[in-house]
There are 2 protein chains.
Amino acid sequence: MGVTKTEIFTEQQNRIADLAKAFSHPARVAILQLIVERKACICGDLVEELELAQATVSQHLKELKRIGIIQGEINPPRVCYCINPVVWQEAQESFGTLLNTFVLTTACCN
Amino acid sequence: MGVTKTEIFTEQQNRIADLAKAFSHPARVAILQLIVERKACICGDLVEELELAQATVSQHLKELKRIGIIQGEINPPRVCYCINPVVWQEAQESFGTLLNTFVLTTACCN
DNA sequence: TTGGTTAAATGTATTATTGCGATTAATTCT
DNA sequence: AGAATTAATCGCAATAATACATTTAACCAA
C-alpha cells in the first residue's frame with residue numbers, strides 16, 4: 001500500500017492496525033473461524049474448505065503467523081495450525097477497549 | 001491487492017473484513033480515536049493533529065465513510081465528522097461475537 | 001534409495017493502497 | 001463581485017497485497 005508512515009503513530013495504534021489486518025480479508029476471517037471451530041487445522045483441510053489455491057492459503061497463514069494470532073506445529077508431513085491464545089486475548093482486549101471508548105449517548109454533530 | 005474473491009465468502013465474512021479495514025491502518029485508528037475523544041472533528045483539526053497531508057487525511061475519511069463507521073455533516077466551509085453509532089455498535093457486536101468464539105480452555109495442538 | 005505426500009517458497013501478473021501536490025468546488029466574508 | 005477558507009477530487013509515483021502455477025524442501029514409507 002504505498003508507504004505507511006508507521007513512525008508518526010503510537011505503538012498502540014500500529015499494533016491495533018496490525019491485529020485488525022488479521023481480520024481485514026475474508027479469507028483470513030474464514031481461516032480463523034475454521035481453526036477456532038475445529039480447535040486446530042492442517043493446511044490441507046483449509047485448502048479443501050476454501051476455494052483457494054494451496055499457495056494462496058499458505059500465504060494467508062503466513063500473514064496470520066506474522067501477526068502472531070496463529071501458530072503452526074510441524075507434524076510431518078503436515079502442519080497443524082491453532083490459535084495463539086495470548087495474541088487472541090490481546091486482540092479481544094485491544095478491540096474491546098477501543099470500541100468501548102465510544103458511548104452511544106455522546107454521539108454526534110447532528 | 002489483486003482481486004479478492006469476495007464471492008466465495010459469506011456476507012458476514014466480507015462484512016467483518018470490511019469493518020476490520022476501518023482499523024487496519026494506524027492513521028485510521030488515530031482518526032477514529034480523535035473523533036471519539038472530541039465527540040466530533042472537523043477535517044482541518046485532524047490534519048493539524050496528524051502529520052499527514054490534507055489530501056491523505058481526506059482519503060482516509062472517505063474510506064471510513066465508505067465503510068459507514070463515520071458520517072460527515074457539512075457545515076460550510078467545514079465538514080464535521082462523527083461516529084455513526086449504528087455501525088460502531090455493529091463493529092462491537094461483530095468483533096465481540098467472533099472473538100468470543102474462541103475460549104482459552106480449548107486451545108491447541110501443542 | 002526411491003517415491004509419495006504435504007506445505008513452504010519463488011516468481012509473476014494484476015490490482016489495491018498510501019501519500020501528496022495541485023486543482024477544483026462550495027461556501028462564507030468583505 | 002472578489003477574496004478567503006475549507007475539504008474533496010484528480011493524477012501521479014511508489015509500494016503492498018492477492019492469487020496462482022510451479023518449484024523446492026522436508027519427511028515418511030516401502
B/Thr4 side chain, from C-beta outward: closest of D/dA17, D/dA7, D/dT18
D/dT18
Go through C/dA7, D/dC20, D/dA7 for me and flag the one nearest to the A/Gln59 side chain.
D/dC20
Considering heavy-atom distances to DNA chain D, does B/Phe9 or A/Pro77 have its closest nucleotide positioned more toward the 5' end?
B/Phe9
Separation of [N] [atom2] from [X] [atom1] (nearest whole Å):
{"X": "A/Arg66", "N": "C/dA9", "atom1": "CZ", "atom2": "P", "answer": "14 Å"}
{"X": "B/Leu61", "N": "D/dA7", "atom1": "CG", "atom2": "C1'", "answer": "10 Å"}
{"X": "B/Leu50", "N": "C/dT18", "atom1": "CG", "atom2": "P", "answer": "14 Å"}
{"X": "B/Ile8", "N": "D/dA19", "atom1": "CD1", "atom2": "P", "answer": "7 Å"}
{"X": "B/Glu7", "N": "D/dA19", "atom1": "CD", "atom2": "P", "answer": "9 Å"}
{"X": "A/Leu52", "N": "D/dA17", "atom1": "CG", "atom2": "P", "answer": "17 Å"}
{"X": "A/Lys5", "N": "C/dT17", "atom1": "NZ", "atom2": "C1'", "answer": "15 Å"}
{"X": "A/Asn75", "N": "D/dC28", "atom1": "CG", "atom2": "P", "answer": "10 Å"}

Using 4.0 Å as the upper bound for N to carboxylate O, is an ion pair formed by B/Glu73 and B/Arg78?
no
Reckon [X] has a side-chain N or O less than 4.0 Å from the OP1 or OP2 of [N]?
{"X": "B/Lys62", "N": "D/dA7", "result": "no"}
{"X": "A/Thr56", "N": "D/dT18", "result": "no"}
{"X": "A/His60", "N": "D/dA17", "result": "no"}
{"X": "B/Arg78", "N": "C/dT27", "result": "no"}

Select base, sugar-phosphate, or nothing to describe what A/Ala53 touches, counting heavy atoms under 4.0 Å on all strands.
sugar-phosphate
Under 4.0 Å, counting only non-hydrogen atoms across every strand here, what does A/Glu63 touch: a base, just sugar-phosphate, or nothing?
nothing
Distance-only polar pair, side chains of B/Gln13 and B/Thr10, donor-acceptor under 3.5 Å:
yes
Between A/Thr6 and A/Gly44, the residue closer to the 5' end of DNA chain C by nearest nucleotide is A/Gly44
Do B/Phe23 and A/Ile8 belong to the same hydrophobic cluster, where Ile, Leu, Val, Met, Phe, Trp and Tyr are linked whenever their side-chain heavy atoms lie under 4.5 Å apart, directly or via other members?
yes
Any chance you could measure B/Ile69, atom CD1, to B/Ile31, atom CD1, to the nearest 0.5 Å?
12.0 Å
Enter the distance from B/Ile35:CD1 to B/Cys80:SG here, rounded to the nearest 0.5 Å.
8.5 Å
